[in-house]
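Taking it in order: structure first as structure tokens, then the write-up.
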Amino acid sequence: MLKTKTFVKKTRSGGVMKIVREHYLRDDIWCGSEFCVECKQDSPVLQKEACIESNLCPFTHYLIPDTNVVLHQIDILEDPLIKNVIILQTVLQEVRHRSGPIYKRIKDIIHDAEKHFYTFTNEHHSETFIERLQAESANDRNDRAIRVAAKWYGEHLKNAPAAEELKIVLLTNDRGNKEKAEETGLIAHKCDEYVKSLIANPELVDRLALTSDDSNEITSSKLLFPEHLPLSKIQTGIKNNTFLQGTFRASRDNYLEATVFVHGEGEDSKEVLIQGLQNLNRAVHQDVVAVELLPRDQWVAPSSVVLQDEGPKDEDEADETETMLKSEASEAMLKPTGKVVGIIKRNWRPFCGMLSKSQIKEATRHLFTPADRRIPRIRVETRQAIALEGQRIMVAIDGWPKHSRYPNGHFVRNLGSAGDKETETEVLLLEHDVPHQAFSQAVLSFLPKMPWGITEEDMKKRLDLRQLCVCSVDPPGCTDIDDALHCRDLENGNLEVGVHIADVSHFIRPGNALDQEAASRGTTVYLCDKRIDMVPELLSSNLCSLRSNVDRFAFSCIWEVNHEAEILSTRFTKSVINSKASLTYAEAQMRIDDAHMNDDITRSLRGLNKLAKILKRKRIEKGALTLSSPEVRFHIDSETHDPIDLQTKELKETNSMVEEFMLLANISVAQKIYDEFSECALLRKHPAPPPSNYDILIKAAKSKNLEIHTDSAKALADSLDEAKLDGFSYLNTLLRILATRCMMQAVYFCSGMDSDFHHYGLASAIYTHFTSPIRRYADIIVHRLLAVAIGADCTYPDLMDKHKQSALCNNLNYRHKMSQYAQRASVAFHTQLFFKSRGNLNEDGFILFVRKNAIIILIPKFGLEGTVFFEHKDQKHSPSLTFNEEGPTLTVEKHTFSMFDKVKVTISLDASNIQHQKIRMALIEPVIPGVSVAAPVDGPVVKRPKLDR
């Protein structure tokens, strides 16, 4: 049956266009129930044994939630207890338009076979489709469509064999919808009524999101915050420049301060400072907000006070706290200051943290303290507070009424005991938004069927390079081997060098579930004790990995070079290789250094190493930077998996050898794909830092009577090479560490959306990532572009769409950034575990930064940074401190500290705050009476943990 809908639409040019939409109705859309014999369905989803124990519905029943229940109670629907649910097409479409993340979650539930969620296409069924009535709102029409579909299900299954007991239950929180449903004879309940009626499931009640009706009970009658403006007023204000739109960024150190980053073109971006609870006006970190600038005479300077939210205060105390923010500031230090007038988009997610149990006996309302200090405390209602004490839990925010000091939320799930290694790893993955769930069946279904092998058909399309002496060089324990190399003499006296990269794009085809999952993950994340793969292990550690003595598909970049490492020709080809050895950096170095070894692999390595040194010299001459960051390596106990030793990574010549050829391959491929696809090449750039970024580096060098030039990358590289002091060999490393901190983040971009391609750190005019497709999705896209460029594969629309490429780059940049943060958090956690077992350690260090009341110290032995504070809340007599911003120097009593001064400290773990454990450092040398401490004897320090902000 065909229905048509005709309407007219005004075009941009002012004309009128007639639109005719066709809507097909069918009567062969099945109901999905095992009871039904009428529908000709092969594999019904809804079970016969569909009985959840409930006081309200003690009979066999299927649930039909309306749109708002799906949007607001998705945590309930995800619970394993809730099964046999009918998701109507009407509901699914509305959810899709209103919330992308919830839509993805409900789709994941539908795809989970154990949940028995069935999608019924009611909008195309001849008996359940309804037309919108005159003067009926779209919302009312959809509510009616849901009631009609629920009624149809009841009628349809009424006569099915053994289905006499079966009932359809409509879940809705809309009072009007519920009344109309009951008038037509439907069973309808509010979601919270139904959940509270479930027998022996108190945890599920805690997961109920607070509706607007419930939230009023938890708030006071006093108005604490100004009303948020409606969206229409905000849009008008932004249009006429009364308001500014930007991203709200809360401060980690001061809960009464935030900045709003207002996006603009190039130099037009600016930051607005927000201070005080009223002006922050219920905005949460990462929300998109509308701000109104305050008059210039009300502008303030950023506060240097560290303020953690210690919980509810009375009015006088709150005023006193806010007064602490205000300090005398020069005109130059004042920043544009504003207040939040409305929320444009909430960016709430479930937050990890711990419950601060109420002191009131048998209370059900408690405060939740998030792990992320930028998130406010959240008020939750739970009946299992005793069981949740000392546990890491997840909580979602439901709303923040204007009468409430804190937002209201609900318990989502228990992650495990605080301090437990598995729990803390889960927390850091969740907090950094690292996708780490097991790969779904839909994703795994696109993997090659085992046993897998290379066929004759495959060989026809590839260059056979199995006879070449190819080998890989990687860190110890590496199983996801992306790259392999070869070098051999040619008859004409030149050399042939090959970089062979795993051909992941052969196995991951565009647009399928495996490809979408890899694109979403963006990168493999390497934690200290585990790896979160971007692609399933069958590919990452087996079929794609270029392991030794097995045939593998590769994408090869082969150059002919002379003995001065000048490239004479370049070719790219899909190939088959057979690696002759999988070596570690140390093993490869030993082969190169051992004069007695002269086999093919060793000769190949020596040739590569010799060329790599020339390539590196040429790069540095062009202005490439050699920077430094203290990377650490943990030695993990094989049984307990705890760190037993911690040391900085030692880099060998072979590390540099591999790096040089990877850089050469990346640059060669970048030029090739840009030449072929100037509008849609996926490239990587590293912007030059603004001159002000270098201030601290220049000051630090000046304090040691050295000069650093920052006019160009070459000037910086040359002056870093010359910055040396007799008797202080580590100074140059310190300067390079500091220079690294001055740099901007390198980012992926689409060539058609940008004009500045330059990579500052590598001093290269163009660059991309090609050499690690097992662990980076950007490289897979680059492989696809290169394959199309050489005619080895066909293109597809998204590959040539610069807007889609640009959106993909944004996700990849986000995933890479979060992956780096997660890796740092993992190092920090394992460092804490190491010091927990070691107690106090006394070590030499260097001052990296000087602050107003503290010095930040680097311990070279461990690559560890820590802070020595000279002011403590519990100190009766604080030492006299004089801070000189020009130096910068800090004089404590009569001793002056400058950057890069050598000190001796004692290092221990402060576990007094169970949620925010940290490494504590105390000064041993220089000896300052009343400030420094005597060198303690090594041994564990035990403090009673508490939960605190």
Side-chain angles (χ1 to χ4, degrees), residues 1-3 23-54 56-67 69-70 77 79-93 95 106-131 142-172 180-189 194 197-199 441-442 445:
M1 195 163 99
L2 177 67
K3 283 191 173 284
H23 192 89
Y24 291 88
L25 298 180
R26 300 166 54 168
D27 51 15
D28 60 348
I29 294 170
W30 315 135
C31 68
S33 172
E34 285 180 354
F35 281 112
C36 187
V37 289
E38 222 176 288
C39 296
K40 299 174 179 66
Q41 46 207 1
D42 297 328
S43 47
V45 174
L46 303 165
Q47 299 167 293
K48 280 186 177 178
E49 281 74 43
C51 190
I52 302 173
E53 287 188 76
S54 159
L56 210 54
C57 307
F59 38 77
T60 305
H61 58 277
Y62 295 154
L63 296 172
I64 297 184
D66 73 359
T67 308
V69 168
V70 174
L77 296 176
D79 193 277
L81 183 76
I82 306 297
K83 295 181 179 178
N84 296 294
V85 177
I86 299 159
I87 301 293
L88 299 175
Q89 182 191 0
T90 309
V91 170
L92 209 52
Q93 284 173 344
V95 169
I106 194 70
K107 288 290 279 184
D108 287 345
I109 301 173
I110 291 164
H111 290 141
D112 182 351
E114 289 181 13
K115 289 284 286 168
H116 300 280
F117 272 52
Y118 181 69
T119 311
F120 179 62
T121 321
N122 64 306
E123 296 289 356
H124 288 278
H125 196 293
S126 57
E127 293 180 42
T128 57
F129 171 75
I130 58 164
E131 297 272 14
N142 288 345
D143 283 348
R144 189 161 59 89
I146 293 166
R147 295 195 298 273
V148 167
K151 187 83 175 161
W152 176 85
Y153 255 101
E155 297 292 328
H156 177 73
L157 293 173
K158 190 167 62 178
N159 303 320
E164 304 83 20
E165 279 286 302
L166 179 70
K167 300 279 190 293
I168 304 298
V169 176
L170 175 65
L171 293 184
T172 177
K180 284 175 184 170
E182 286 166 343
E183 281 168 18
T184 58
L186 286 169
I187 300 170
H189 294 296
Y194 177 78
S197 79
L198 299 177
I199 297 162
Q441 279 309 311
S445 68

Can you list the residues that meet the side chain to side chain contact (heavy atoms under 4.5 Å, CB included) rule with [X], with sequence neighbours excluded?
X      : result
Glu182 : Lys178, Ala188
Ala150 : Ile64, Ile168, Leu186
His124 : His23, Ile29, Gln89, Thr121

Quiz prompt | For Asp27, all residues meeting side chain to side chain donor-acceptor pair (under 3.5 Å), sequence neighbours excluded | solution = none
Quiz item: Which residues pass the side chain to side chain donor-acceptor pair (under 3.5 Å) test with His61, sequence neighbours left out?
Solution: Tyr194
Of all residues at least two apart in sequence or in a different chain, which pass the salt bridge (Lys or Arg N to Asp or Glu O under 4.0 Å) check with [X]?
X      : value
Arg147 : none
Asp112 : none
Asp79  : Arg207

Quiz prompt | Summary of side-chain hydrogen bond (donor to acceptor under 3.5 Å, both in side chains) pairs that have at least one residue in residues 32-42, sequence neighbours excluded | solution = Ser33-Tyr62
Self-check item: Side-chain H-bond candidate by donor/acceptor type, Asp66 with Thr172, under 3.5 Å
Solution: yes
Self-check item: Pair listing, salt bridge (charged side-chain N to carboxylate O under 4.0 Å, His left out) test, anchored in residues 120-130, at least two apart
Solution: Glu123-Arg141
Exercise. Could you note down all residue pairs passing salt bridge (charged side-chain N to carboxylate O under 4.0 Å, His left out) where residues 156-168 supplies at least one of them, sequence neighbours left out?
Key: Glu155-Lys158
Please set out all donor-acceptor pairs under 3.5 angstrom arising from side-chain atoms of residues 45-54, sequence neighbours excluded.
from, atom 1, to, atom 2, distance (Å)
Gln47, OE1, Asn84, ND2, 3.0
Gln47, NE2, His116, NE2, 3.3
Ser54, OG, Leu56, N, 3.1
Ser54, OG, Cys57, N, 2.9
Ser54, OG, Ser197, OG, 2.8

